[in-house]
Number of protein chains: 2
Amino acid sequence: MPRRKLRKYDFKMTPQRLAIIEYLKNNKEHPSALDVFRAISKKFPTISFATVYNTLEMLKNKGMVLELNIDPERKRYDPDVSPHHHLKCTKCGKVLDISMDLPVDTAQLEKRGFSIDRIQVDIYGKCPPCKAKQKEER
Amino acid sequence: MPRRKLRKYDFKMTPQRLAIIEYLKNNKEHPSALDVFRAISKKFPTISFATVYNTLEMLKNKGMVLELNIDPERKRYDPDVSPHHHLKCTKCGKVLDISMDLPVDTAQLEKRGFSIDRIQVDIYGKCPPCKAKQKEER
DNA sequence: TTACAATCTGTAACAATTACTGTCAAGTTA
DNA sequence: TAACTTGACAGTAATTGTTACAGATTGTAA
């Protein structure tokens, strides 16, 4: 039983961290560190890039965000840690969520001596708007 | 270089390019540009990093190698362009091939307006040797 | 208050990659 | 053949995303 009050988080909350968490919450854009920095800068003009990186690292270690490697140019962050996949549009560069069943036989891999932490399915192609635009161009 | 060689490939063959292609052929290590540079430097001590990057870019565009994003620290290159997946060991850092059926319903995505170029399945975990080593440590 | 630890900002350092420049060799044309 | 053109080369500078570090600041507890 907690002596005083329930700790809402298991880390020290600060205005900067709160702002980053709020920004990420329900964010479907898969923002990069730069995106986060720019957004938070509006409210906290003095925030440092280091704080953004430190906070993202911390949230990743706490399992509160996922670090995506789908974009080779920069890391992207996803507040949705439930299993789903991603598509990066090779035209507009956007990263979209793809919810689709993908039965991966992890048991088979475990049997072969691997241990599995995480599976990331990255699809490269064109999003519907870009595909449509491409069609009318021809 | 003899003209025959020029016909064999649809690009100009040079000793440097040949060496890189030979190095990659049947290479299962998923080497980075630095790995390629170091290996080729033994035979061609004056080779430039730019040549390595240019050649890898060219081979990628010709569909002769795949550029992998599984390792966020550096790009890696795979001469095996047939469909297969990869596992990056979080302990030793090696990237291993995983051949496993993973039925992705691309038709469903196409129906939803996407166009699919490539699907990359990246697994993060431990390779059998590292998993075994970890066990005996405890 | 004082002490301490954690977080902050600002900036330097770093590493991977890309861009640029001048040189050279091979191929092409007159 | 000679003059021109092309493309690959080495060498290096520039760029970019990320990490590391130093000192200032904040919050908490004794």
Side-chain angles (χ1 to χ4, degrees), chain A residues 2-5 7-21 30-62 64-77 88 93 95, chain B residues 1-21 30-62 64-77 88 93 95:
Chain A
R3 277 176 299 166
R4 287 168 175 237
K5 56 180 176 182
R7 274 263 186 93
K8 202 167 177 184
Y9 308 91
D10 59 340
F11 56 88
K12 193 183 276 183
M13 187 52 77
T14 67
Q16 292 92 336
R17 288 179 173 182
L18 191 60
I20 291 174
I21 291 169
H30 311 91
S32 66
L34 178 61
D35 294 329
V36 175
F37 175 77
R38 276 203 280 244
I40 307 300
S41 290
K42 289 177 189 162
K43 267 196 165 183
F44 295 82
T46 71
I47 199 171
S48 157
F49 234 109
T51 300
V52 171
Y53 273 107
N54 287 338
T55 302
L56 290 172
E57 173 77 8
M58 191 264 297
L59 294 174
K60 179 183 78 173
N61 291 335
K62 299 263 182 254
M64 294 174 67
V65 303
L66 282 182
E67 199 177 82
L68 307 183
N69 298 332
I70 189 171
D71 185 348
E73 292 176 27
R74 68 202 98 248
K75 289 174 183 168
R76 288 162 171 271
Y77 297 87
K88 174 156 196 250
V95 173
Chain B
M1 277 290 139
R3 251 196 104 81
R4 223 169 296 128
K5 275 273 163 80
L6 263 168
R7 283 283 158 68
K8 195 167 177 186
Y9 308 91
D10 57 342
F11 55 89
K12 193 185 277 185
M13 186 54 75
T14 67
Q16 292 92 334
R17 289 178 172 182
L18 192 60
I20 292 174
I21 291 169
H30 311 90
S32 66
L34 177 61
D35 294 329
V36 176
F37 175 76
R38 275 202 281 244
I40 306 302
S41 290
K42 289 176 190 164
K43 267 194 164 184
F44 295 83
T46 70
I47 199 170
S48 158
F49 235 112
T51 301
V52 172
Y53 274 106
N54 286 339
T55 302
L56 290 172
E57 173 77 8
M58 191 265 296
L59 293 175
K60 180 183 78 173
N61 291 336
K62 299 264 183 251
M64 293 174 67
V65 302
L66 282 182
E67 199 176 79
L68 307 183
N69 299 330
I70 189 170
D71 185 347
E73 291 176 29
R74 70 203 96 246
K75 288 174 184 168
R76 288 162 170 271
Y77 297 87
K88 175 158 193 245
V95 173

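Just so we're on the same page: letters track the sequence lines, and every chain starts at 1. In this text the structure is predicted, and so the values were computed from the model without any measurement.
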Original post:
Just how far is it from atom CZ of A:Phe44 to atom OG1 of A:Thr14, taken to the nearest 0.5 Å?
Top reply: 8.0 Å

**OP:** In whole angstrom, give the distance that lies between atom CZ of B:Phe11 and atom C1' of C:dA26.
**Re:** 17 Å

**OP:** Decide yes or no for B:Phe37 and B:Thr51: does some side-chain heavy atom of the first lie under 4.5 Å from some side-chain heavy atom of the second?
**Re:** no

Original post:
Is there a donor-acceptor pair under 3.5 Å between the side chain of A:Arg74 and the backbone N or O of A:Ala33?
Top reply: no

Original post:
Expressed in angstrom and rounded to an integer, what is the separation of B:Lys12 atom NZ from D:dC9 atom C1'?
Top reply: 11 Å

Original post:
How close or far is atom C1' of D:dG27 from atom CD of A:Gln16, stated in whole angstroms?
Top reply: 13 Å

Subject >> Minimum side-chain heavy-atom gap A:Glu57-A:Asn61 below 4.5 Å >> reply: yes

**OP:** Identify which nucleotide among C:dT7, D:dA10, C:dA16 has an atom closest to any side-chain atom of B:Arg74, counting heavy atoms from C-beta outward.
**Re:** C:dA16

**OP:** To the nearest Å, give me how far apart CG (B:Leu34) and P (C:dC14) are.
**Re:** 17 Å

Original post:
Does C:dT11 have OP1 or OP2 sitting under 4.0 Å from an N or O in the side chain of A:Ser48?
Top reply: no

Subject >> Separation of atom CG in A:Asp35 from atom C1' in D:dT18, rounded to whole Å >> reply: 15 Å

**OP:** Rounded to the nearest angstrom, tell me the gap between atom CG in B:Leu56 and atom P in D:dC9.
**Re:** 12 Å

Original post:
Do any side-chain nitrogens or oxygens of B:Tyr53 fall under 4.0 Å of OP1 or OP2 in C:dT18?
Top reply: no

**OP:** For D:dC9, take OP1 and OP2 only and decide whether either is under 4.0 Å from a side-chain N or O of B:Thr14.
**Re:** yes

**OP:** Would you indicate which nucleotide in C:dT7, D:dT19, D:dC9 comes nearest to any side-chain atom of A:Lys75?
**Re:** D:dT19

Subject >> Length of the line joining B:Phe37:CZ and D:dT12:P, which is rounded to integer Å >> reply: 12 Å

Original post:
Looking only at heavy atoms, which two atoms of A:Pro72 and B:Asn69 are closest? And how far apart?
Top reply: CB-OD1, 3.4 Å

Original post:
Looking for any heavy atom pair under 4.0 Å, which part of the strands does A:Thr51 touch: base, sugar-phosphate only, or nothing?
Top reply: base

**OP:** Select from B:Pro45 and B:Arg17 the residue whose nearest nucleotide in DNA chain D is closer to the 5' end of that strand.
**Re:** B:Arg17

Original post:
With respect to the side chain of A:Ala50, which nucleotide from D:dT18, C:dT11, D:dG11 is positioned closest?
Top reply: C:dT11

**OP:** Write down the distance between CZ (A:Phe44) and C1' (D:dT26), rounded to a whole number of angstrom.
**Re:** 14 Å

Original post:
So what does A:Ile47 hit on the nucleic acid, given a heavy-atom distance under 4.0 Å: a base, only sugar-phosphate, or nothing?
Top reply: sugar-phosphate

**OP:** Taking only the side-chain heavy atoms of A:Ala33 (C-beta and beyond), determine which of D:dT18, C:dT9, D:dG7 contains the nearest atom.
**Re:** D:dT18

